[in-house]
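Written out below as structure tokens is the structure these notes cover.
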Amino acid sequence: MISKAEVRPGAGVRYLFRGVMVGDGHRAAGTPLRAAQDEAGVPPGVWKGRGLAVLGRAAGDVVSERQAELLLGEGRHPDADRIERELLAQGKSPARARRATVLGRPIEHNRSPKTEKAKERTPWLAMDLVFRAPSTAHIAWALTDDETRLVLESCQDVARDRTLAWLEESVAQIRWGSGGKQRRPVKDGLVVAVFRHYESRAAESKPLLHDHAVVSIRARRPDGTWGNLSADTMLAHIVAADTLYTLHFMEEVTARLGWAWEPREVTLGRRPVMEIAGIDQRLIGWQSTRRQQIEDALPLLMDKYEERQGHPPGEKAGYALACQAADQTRSPKRTELLSLTELRTRWRTSAIRAFGACTVYRLAERARAAAAAVWARVRPAVDVVLAAVDTVAVVYVMRGAFARHHLLAEARRHLSYVLRGRPHQRGLDERIVQTVIDDYTRPVGRGRRMTADLRALYPCDTEDQAVLRPLTRKRTAPPYERARLAAGALAARVRAARRAERLGSRLRPDAVAMPAASRPHPQPFRDGRMDGRLLEPETGVDIDAVERTRQTLEAAAARVTATLQDSRRAREAAHGPRPQPAPAAAPPPHTQQPGIPHTPGRTTGGVT
């Protein structure tokens, strides 16, 4: 998952340099950054992003402390010291030399008493995005051998970099015009400093492989000048980026280690999470101590809320209370500093003591065996139409009115569940979203909001939301449970229409034909490993194979008939025609055996 936090002047910058850059440990005053990182056992930070080329840096370069101070702490060029010396040598004034190193508006401008009140707020300097893999990935990374650990770290690198690339290519926008109301795509890309951590910040450390990607708020406008990123645009797409990161991480793990994924329901009635199949679920509780602390503190906060407001907290208020419980139960940072080798030894010893050596040492073997069982049961095929109705049903029941990035996040969740780690075709998530927008939505209100429109599936209903409206009003069930019921109803409607089309029957007045899109009819995703076979969703029936089998049986029956006819003609040519038995004497006309009624068109011996 991806969590976010802003970096502002003052406390935000201090936390960045004293905590994030040194593995969330303690950094004594006066300790150089590289020495503090070596002492904490974490690797140095590296630069990422396409915007580095303008600043004279390349992806993979080590982040020095001075560069981070200038860019992430002051909004200036990372080589500002050198540029300032050169300008001073050319005779420029100190003020002009310093102003030439500032990227965009100086921070001091917001603190000036001459600025407007709207601009007196503390500006952002950077955005801290934390990339965390699923819980079972942390467990496998901490308890397996060094080779598997390195593979999982490489999967983390690939998934994180691809997600950052999507953010800078498709999401990142620069503020433009008066008051920053207009948005334009950035000219070059983002500038990101990535810092890797190995453990949680709790006093009793637990394995937690995660990366802090600190995105600089400074970027170039289309005309080449520097400005600030649109923070609200980035934050609105965090959930879509989160699902994309999870999807890429699952695919990398499956491709490199052969493991499969399965959904795990963390909270009854809530959205499940994808975990590596075959890893003992007890290890998740051993690794996730923070969750238990939050769950212990949450009931007291919820009781106080209900006593104060007179009703139980809703979904949004419940999330706010969970964040409050997390802040209250946050333990102080660990003072003991250990290397990764020492940490892994401690984690393995703790897990063996709690669950036994067999659980730890056979972890990878059981994951491979579970993957074989998953692939025997689940066939990774994506149907664009079924994915579209599933996406629109879940998002509508959960939100009512929604935007495009909500659909994109749900489409990626659908791909994660259906494929279980198998690779998806590039752009398939965008294709699912476009199908939803074209066929199953209509605009609502102002802006770019939309809502579900099911007239393509239910043309004879007076209300196009006939299936979804009762579910949205049923407040006794959790929202996601109602969303799954709605998705199942829409999927059954699509399958019924497809069965009618395959059987060639005439549609009844209340039946529905598949909606005719304005573009070519979308074809289901075909995985190369399955030789292009199309599967009937949910049932796993290979439609193409059934059709080929029918044609093969008809051809075989025709060959058998021709062979029998040839054999009969050859036998008659050699031995003459076979003698036929004498026909039975026909009864006289208009006669009838006693006791047997006569039926026109039938004889006493069989069927006409």
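Sequence positions, counted from 1, serve as the residue numbers for this chain.
Rounded to the nearest 0.5 Å, atoms CG (Leu87) and CZ (Arg82) are 10.0 Å apart. Going from atom OG1 of Thr136 over to atom CD of Gln281 covers 8.0 Å, rounded to the nearest 0.5 Å. How far CZ of Arg344 is from CZ of Arg348: 6.5 Å, rounded to the nearest 0.5 Å. Note that the CD atom of Gln425 and the CG atom of Leu415 stand 10.5 Å from one another [nearest 0.5 Å]. Note that CZ of Arg162 and CG of Asp157 are 11.5 Å apart. Values are rounded to the nearest 0.5 Å. Here the CD1-CZ distance, from Ile2 to Arg160, works out to 11.0 Å after rounding to the nearest 0.5 Å.
The closest side-chain heavy-atom distance from Arg413 to Val239 is below 4.5 Å. Using a 4.5 Å cut-off on side-chain heavy atoms (C-beta onward), Leu55 and Asp79 make no contact. Under the 4.5 Å side-chain criterion, counting only non-hydrogen atoms from C-beta, Trp261 is not in contact with Ser416. Here the side chains of Asp61 and Leu52 are not in contact, with every heavy-atom distance at 4.5 Å or above. Counting heavy atoms from C-beta outward, Leu407 and Met450 have side chains that approach closer than 4.5 Å. Looking only at side-chain heavy atoms (C-beta outward), Arg57 and Gln67 come within less than 4.5 Å of each other. Put simply, the side chain of Met398 does not reach to within 4.5 Å of the side chain of Glu410, judged on heavy atoms. At least one side-chain heavy atom of Pro43 sits less than 4.5 Å from a side-chain heavy atom of Tyr198.
At least one donor-acceptor pair under 3.5 Å links the side chain of Thr163 to the backbone N or O of Ala159. Checking side-chain atoms of Glu168 against main-chain N and O of Gly49 turns up no donor-acceptor pair under 3.5 Å. For Thr144 (side chain) and Ala140 (main-chain N/O), a donor-acceptor pair under 3.5 Å exists by modelled atom type. When atom types are taken as modelled, the side chain of Arg220 and the backbone of Trp226 share no donor-acceptor pair closer than 3.5 angstrom. With hydrogens and angles disregarded, no donor-acceptor distance shorter than 3.5 Å links the side chain of Asp211 to the backbone of Ala213. Arg218 places a side-chain N or O within 3.5 Å of a backbone atom of Leu103 that can act as its donor or acceptor partner. Judged purely by atom type and a 3.5 angstrom limit, Ser230 has no side-chain atom pairing as donor or acceptor with the backbone of Ile174. Distance alone, capped at 3.5 Å, is enough to place a donor-acceptor pair between the Gln156 side chain and the Phe131 backbone. Judged purely by atom type and a 3.5 angstrom limit, Ser154 has no side-chain atom pairing as donor or acceptor with the backbone of Leu150. Remark: side-chain polar atoms of Glu342 are paired, donor with acceptor, to backbone N or O of Ser339 under 3.5 angstrom.
Residue pairs meeting the salt bridge (Lys or Arg N to Asp or Glu O under 4.0 Å) criterion with at least one partner in residues 225-244, sequence neighbours excluded, are Arg183-Asp232.
Contact detail for Ala36 and Val22: the closest heavy-atom pair is CB-CG1, 3.6 Å. Closest heavy-atom contact between Leu33 and Ser64: CD2-C, 4.3 Å. Heavy-atom minimum distance, Trp166 versus Ala240: CH2-CB, 3.9 Å. Minimum heavy-atom separation, Ala172 to Leu190: CB-CD2, 3.8 Å. Nearest heavy-atom pair across His138 and Leu209 is CE1-O, 3.1 Å. Minimum heavy-atom separation, Ile432 to Ala387: CD1-CB, 3.6 Å.
Other residues, nucleotides and ligands contribute more than 12 heavy atoms inside 6.0 Å of the OH atom of Tyr480. More than 12 heavy atoms of other residues, nucleotides or ligands shown are found within 6.0 angstrom of CZ on Arg404. Within 6.0 Å of the CZ atom in Arg426, the count of heavy atoms belonging to other residues, nucleotides or ligands does not exceed 12. The local environment of CZ in Arg99 is crowded, with over 12 non-hydrogen atoms from other residues, nucleotides or ligands closer than 6.0 Å.
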- Go through Glu84 and Arg76 one step at a time and tell me if the salt bridge (Lys or Arg N to Asp or Glu O under 4.0 Å) criterion holds. CA-CA 11 Å; Glu84 210 168 342; Arg76 300 169 64 194; 2.9 Å; yes
- Evaluation steps, side chain to side chain contact (heavy atoms under 4.5 Å, CB included), between Trp124 and Asn228: CA-CA 9 Å; Trp124 284 35; Asn228 289 346; over 6 Å; no
- Message: For Leu363 and Ile139: C-alpha separation, side-chain torsions, deciding distance, then whether side chain to side chain contact (heavy atoms under 4.5 Å, CB included) applies.
- Response: CA-CA 9 Å; Leu363 189 146; Ile139 296 170; 3.9 Å; yes
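A cation-pi geometry, defined here as NZ or CZ lying under 6.0 Å from the six-membered ring centre and within 45° of its normal, does not hold between Arg196 and Trp141. Taking the ring centre of Tyr15 as origin, the terminal cationic atom of Arg18 falls outside the region bounded by 6.0 Å and 45° from the ring axis.
Taking the six-membered ring where the residue is Trp, His197 and His212 present tilted rings, their angle falling between 30° and 60°. His237 and His405 have tilted rings, their planes meeting at an angle from 30° to 60° on a 0 to 90° scale.
Between Asp81 and Arg85 there is no salt bridge, since none of the side-chain N atoms of the basic residue sits less than 4.0 Å from a carboxylate O of the acidic one. Using a 4.0 Å cut-off between charged side-chain N and carboxylate O, Asp223 and Arg221 make no salt bridge.
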